K.L.:
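Here you go, one structure.
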Amino acid sequence: MIEKKNLHSNAIHLNTVINRTWSPTAGKFDFTFVFTFRNKEEYLAFRWSWKENYAALSGKIRNQKREIKAIQRKLEYAGQLQSKVCELKREATVQIFMLRAAKQEANRQYQQAKQAGQ
């Protein structure tokens, strides 16, 4: 089963296709990405955008965790916030996979251009 969807609304995800495939042997989803950058400048712009997005996501996770602690100190229920943190953590994991794949794609493009120039 392959799902192709734009999971997110920011710029780096609008131009990147995220394929999510269930791996029954591993018992988890595998992610593959199709990037639109074709040169170093576009890759660097992608990295800048990724870094901003990841920093914002990381900040959201930290803030949600602070809220959960505050609510639990009052001995109140924080289940909805906890599920939101889990959702944000899954998104952060996808972001890390995306960065790793982007680095590999940029290196592949660089090696290809290097060989074409020889």
Side-chain angles (χ1 to χ4, degrees):
M1 171 178 82
I2 295 179
E3 292 179 36
K4 288 185 180 183
K5 51 174 146 172
N6 193 345
L7 297 173
H8 318 285
S9 61
N10 61 44
I12 64 172
H13 294 97
L14 290 176
N15 296 327
T16 302
V17 176
I18 301 172
N19 297 315
R20 184 174 78 165
T21 308
W22 177 253
S23 173
T25 55
K28 64 176 187 154
F29 283 104
D30 292 324
F31 293 92
T32 56
F33 306 92
V34 179
F35 300 101
T36 58
F37 56 80
R38 297 289 169 240
N39 57 43
K40 185 176 181 178
E41 292 77 26
E42 290 175 2
Y43 171 67
L44 292 175
F46 170 86
R47 287 291 303 264
W48 180 79
S49 180
W50 181 92
K51 190 174 184 178
E52 277 192 342
N53 183 62
Y54 191 79
L57 185 58
S58 179
K60 283 181 194 176
I61 292 170
R62 283 192 301 275
N63 289 337
Q64 289 286 329
K65 284 182 166 184
R66 278 189 212 114
E67 282 186 52
I68 290 169
K69 284 182 183 179
I71 290 172
Q72 287 180 335
R73 284 185 184 126
K74 296 176 189 175
L75 302 176
E76 294 177 7
Y77 178 72
Q80 284 185 327
L81 287 176
Q82 288 173 329
S83 63
K84 180 69 175 170
V85 166
C86 288
E87 199 176 294
L88 291 172
K89 284 182 176 183
R90 278 191 295 274
E91 167 62 19
T93 301
V94 172
Q95 291 288 318
I96 295 296
F97 290 151
M98 180 186 287
L99 178 62
R100 186 179 303 147
K103 287 180 180 181
Q104 290 172 348
E105 174 62 17
N107 187 44
R108 185 196 65 76
Q109 289 178 11
Y110 170 74
Q111 296 297 331
Q112 188 177 20
K114 188 175 163 182
Q115 285 182 345
Q118 291 179 350

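Computed from a predicted structure; not experimentally measured.
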K.L.:
Say whether Y43 and F97 are linked into one hydrophobic cluster, either directly or through other cluster members, by side-chain heavy-atom distances under 4.5 angstrom.
P.N.:
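Shared cluster, yes.
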K.L.:
So, Q112 versus R108: side-chain donor-acceptor pair below 3.5 Å or not?
P.N.:
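On atom types as modelled, these side chains qualify, holding a pair under 3.5 Å.
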K.L.:
Could you pull out the closest heavy-atom pair between Y54 and Q95, with the gap in Å?
P.N.:
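For Y54 versus Q95, the nearest heavy atoms are CD1-CB, 3.8 Å.
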K.L.:
With sequence neighbours left out, which residue pairs that include part of residues 43-57 fulfil the salt bridge (Lys or Arg N to Asp or Glu O under 4.0 Å) condition?
P.N.:
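For residues 43-57: none.
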K.L.:
What orientation do F37 and F46 show, parallel under 30°, tilted 30 to 60°, or perpendicular over 60°?
P.N.:
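Taking F46 first and then F37, their aromatic rings sit tilted (interplane angle of 30° to 60°).
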K.L.:
Any side-chain donor paired with an acceptor under 3.5 Å for Q115 and Q111?
P.N.:
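No pair is found: no donor N or O on one side chain lies under 3.5 Å from an acceptor on the other.
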K.L.:
Would you say the side chain of Y110 lies within less than 4.5 Å of the side chain of E105, judging by non-hydrogen atoms?
P.N.:
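No - every pair of side-chain heavy atoms lies 4.5 Å or more apart.
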K.L.:
Between NZ of K84 and CD1 of I61, what distance do you get to the nearest 0.5 Å?
P.N.:
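Taking NZ in K84 and CD1 in I61, the distance rounds to 10.0 Å.
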K.L.:
Could you tell me the separation between the CG atom of N15 and the OG atom of S49, rounded to the nearest 0.5 Å?
P.N.:
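Spacing of CG (N15) from OG (S49) equals 9.0 Å.
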K.L.:
For the CD atom of E87 and the NZ atom of K60, what is their distance to the nearest 0.5 Å?
P.N.:
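Between E87 CD and K60 NZ, I get 10.5 Å after rounding to 0.5 Å.
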K.L.:
For residues F33 and A101, report the shortest heavy-atom separation together with the two atoms involved.
P.N.:
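Closest pair (atom of F33, atom of A101, distance): CD1-CB, 3.6 Å.
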K.L.:
Name all residues meeting the side chain to side chain donor-acceptor pair (under 3.5 Å) criterion together with Q64; count only those two or more places apart in sequence or in a different chain, and write none if there are none.
P.N.:
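Side chain to side chain donor-acceptor pair (under 3.5 Å) list for Q64, sorted by chain: empty.
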K.L.:
Heavy atoms, side chains only, cut-off 4.5 Å: are F31 and V94 in contact?
P.N.:
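Side chain of F31 against side chain of V94, heavy atoms only: contact under 4.5 Å found.
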K.L.:
Within this structure, what is the CD1-CG distance for the pair I71 and L81, rounded to the nearest 0.5 Å?
P.N.:
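Going from CD1 on I71 over to CG on L81, the span is 4.5 Å.
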K.L.:
With sequence neighbours excluded, give me every side chain to side chain donor-acceptor pair (under 3.5 Å) pair touching residues 65-74.
P.N.:
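Listed by first then second residue: N63-R66.
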K.L.:
Counting C-beta onward and ignoring hydrogens, is there a side-chain heavy-atom pair between E42 and F35 closer than 4.5 Å?
P.N.:
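The answer is no; the side chains never approach within 4.5 Å.
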K.L.:
What distance do T32 atom OG1 and I18 atom CD1 have between them, rounded to the nearest 0.5 Å?
P.N.:
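Between atom OG1 of T32 and atom CD1 of I18 there are 9.5 Å.
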K.L.:
Would the number of heavy atoms belonging to other residues, nucleotides or ligands and lying under 6.0 Å from CD of Q80 be above 12?
P.N.:
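Not buried by this count: 12 neighbours or fewer within 6.0 Å.
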K.L.:
Is any side-chain heavy atom of S58 less than 4.5 Å from a side-chain heavy atom of R62?
P.N.:
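Heavy-atom side-chain distance check passes, below 4.5 Å.
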K.L.:
Would you say M98 and I96 are hydrophobically clustered, going by side-chain heavy atoms of ILVMFWY under 4.5 Å?
P.N.:
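In one cluster: yes.
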K.L.:
Step by step, would you call V34 with T16 a side chain to side chain contact (heavy atoms under 4.5 Å, CB included)?
P.N.:
CA-CA 6 Å; V34 179; T16 302; over 6 Å; no
K.L.:
Report whether L99 and W48 are members of the same hydrophobic cluster (ILVMFWY, side-chain heavy atoms less than 4.5 Å apart, transitive linking).
P.N.:
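Not linked; separate clusters.
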